[in-house]
Novice: 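First the structure, then my questions, so here it is.
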Amino acid sequence: MYIFMTSTYPNDKAKQAAETYLKAMTKYPDDNSVGTSLVQVAVKATLEGITAISVYEAKKGKFEEAETLIVNRMAMFNDIPGYRWLITPYWKLEDALKLIGM
């Protein structure tokens, strides 16, 4: 299972977001027993502000623990005005194929 995180925030909040990111990673570091970070952070500037994405691969049977780790991190950004985030799980191909009987 892959976990995609997408964040968008105003340009003028970029420094606050970066500082919060460092605090979140210190408080809730990656835990290799529950998953692996595939894309730590990829960032782009848009007309709506800054958009950042991260991709995490949860180990088999560890989705809930991996999701909790990510939610705890993302909750630290809630005090930044205009900061919005979304967590979206995706199945791996072999799991998705099982859904259609393959």
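Bear in mind the structure is a predicted one, so any value in this text is a computation, not a measurement.
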Novice: Measuring from K13:NZ to T8:OG1, what's the distance to the nearest 0.5 Å?
Specialist: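 That separation rounds to 15.5 Å.
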Novice: Going by the rule side chain to side chain contact (heavy atoms under 4.5 Å, CB included), which residues pair with T46 if we only count those two or more places apart in sequence or in a different chain?
Specialist: K44, E48, T51
Novice: List in chain and number order the residues that pass side chain to side chain contact (heavy atoms under 4.5 Å, CB included) with A45, two or more places apart in sequence or in another chain; answer none if no residue qualifies.
Specialist: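 With neighbours one apart ignored, the set is I50.
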Novice: Output every pair passing side-chain hydrogen bond (donor to acceptor under 3.5 Å, both in side chains) with a member in residues 82-96, not counting sequence neighbours, ordered by first then second residue.
Specialist: S7-Y83, E57-K92, N78-W85
Novice: If you look at every heavy atom in P81 and D79, which pair is closest and at what distance?
Specialist: CD-O, 3.3 Å
Novice: Applying the 4.5 Å side-chain criterion to the ILVMFWY set and letting contacts propagate, would Y9 and V71 be lumped into a single cluster?
Specialist: yes
Novice: Specify the closest pair of heavy atoms between A17 and F77, including all atoms of both residues, with the distance to one decimal.
Specialist: O-CE2, 3.5 Å
Novice: Could I get the full list of side-chain hydrogen bond (donor to acceptor under 3.5 Å, both in side chains) partners for D30, not counting sequence neighbours?
Specialist: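 If we apply the side-chain hydrogen bond (donor to acceptor under 3.5 Å, both in side chains) test to D30, skipping adjacent residues, the hits are R73.
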Novice: Can you list the residues that meet the side chain to side chain contact (heavy atoms under 4.5 Å, CB included) rule with S54, with sequence neighbours excluded?
Specialist: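 Testing S54 for side chain to side chain contact (heavy atoms under 4.5 Å, CB included), a comparison that skips the adjacent residues, returns M5, V41.
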Novice: When Ile, Leu, Val, Met, Phe, Trp and Tyr are grouped by side-chain heavy atoms lying under 4.5 Å apart, directly or through other members, which residues fall in the same group as L86?
Specialist: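 Traced through the cluster, L86 reaches no other member.
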Novice: Measure the OG1-CG distance between T68 and N72 for me, rounded to the nearest 0.5 Å.
Specialist: 6.5 Å
Novice: To the nearest 0.5 Å, what is the distance between CD on E19 and NZ on K15?
Specialist: 5.5 Å
Novice: Among residues two or more places apart or on two chains, list those pairs meeting salt bridge (Lys or Arg N to Asp or Glu O under 4.0 Å) that have a residue in residues 61-70.
Specialist: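 Output for this query is empty, none listed.
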Novice: Say whether V43 and M76 are linked into one hydrophobic cluster, either directly or through other cluster members, by side-chain heavy-atom distances under 4.5 angstrom.
Specialist: yes
Novice: Is there a chain of hydrophobic side chains (I, L, V, M, F, W, Y, each step under 4.5 Å between heavy atoms) that links L93 to L38?
Specialist: no
Novice: Can you give me the closest heavy-atom contact between A58 and A66, atom names plus distance?
Specialist: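 Closest heavy-atom pair between A58 and A66: CB-CB, 3.8 Å.
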Novice: Go through the structure and list residues passing side-chain hydrogen bond (donor to acceptor under 3.5 Å, both in side chains) with Y21, not counting sequence neighbours.
Specialist: Q40
Novice: What is the minimum heavy-atom distance between L69 and P29, and which atoms define it?
Specialist: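 So the minimum-distance heavy-atom pair works out to CD1-O, 3.7 Å.
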Novice: Using the test ring-ring contact (aromatic ring centres under 6.0 Å, His included), find all partners of Y28 that sit at least two apart in sequence or belong to another chain.
Specialist: none
Novice: Which pairs, with at least one residue in residues 34-68 and sequence neighbours excluded, count as a ring pair (Phe, Tyr, Trp, His ring centres under 6.0 Å)?
Specialist: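 Non-adjacent pairs meeting ring pair (Phe, Tyr, Trp, His ring centres under 6.0 Å): zero.
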Novice: Taking atom CD1 of I3 and atom OG of S37, what is their separation to the nearest 0.5 Å?
Specialist: 11.0 Å
Novice: Out of curiosity, K27 NZ to T20 OG1, how far, rounded to the nearest 0.5 Å?
Specialist: 12.0 Å
Novice: State which residue, out of I87, I70, V55, fulfils the side chain to side chain contact (heavy atoms under 4.5 Å, CB included) condition with F4.
Specialist: V55
Novice: Output all residues satisfying side-chain hydrogen bond (donor to acceptor under 3.5 Å, both in side chains) with N11, sequence neighbours left out; order by chain, then residue number.
Specialist: none
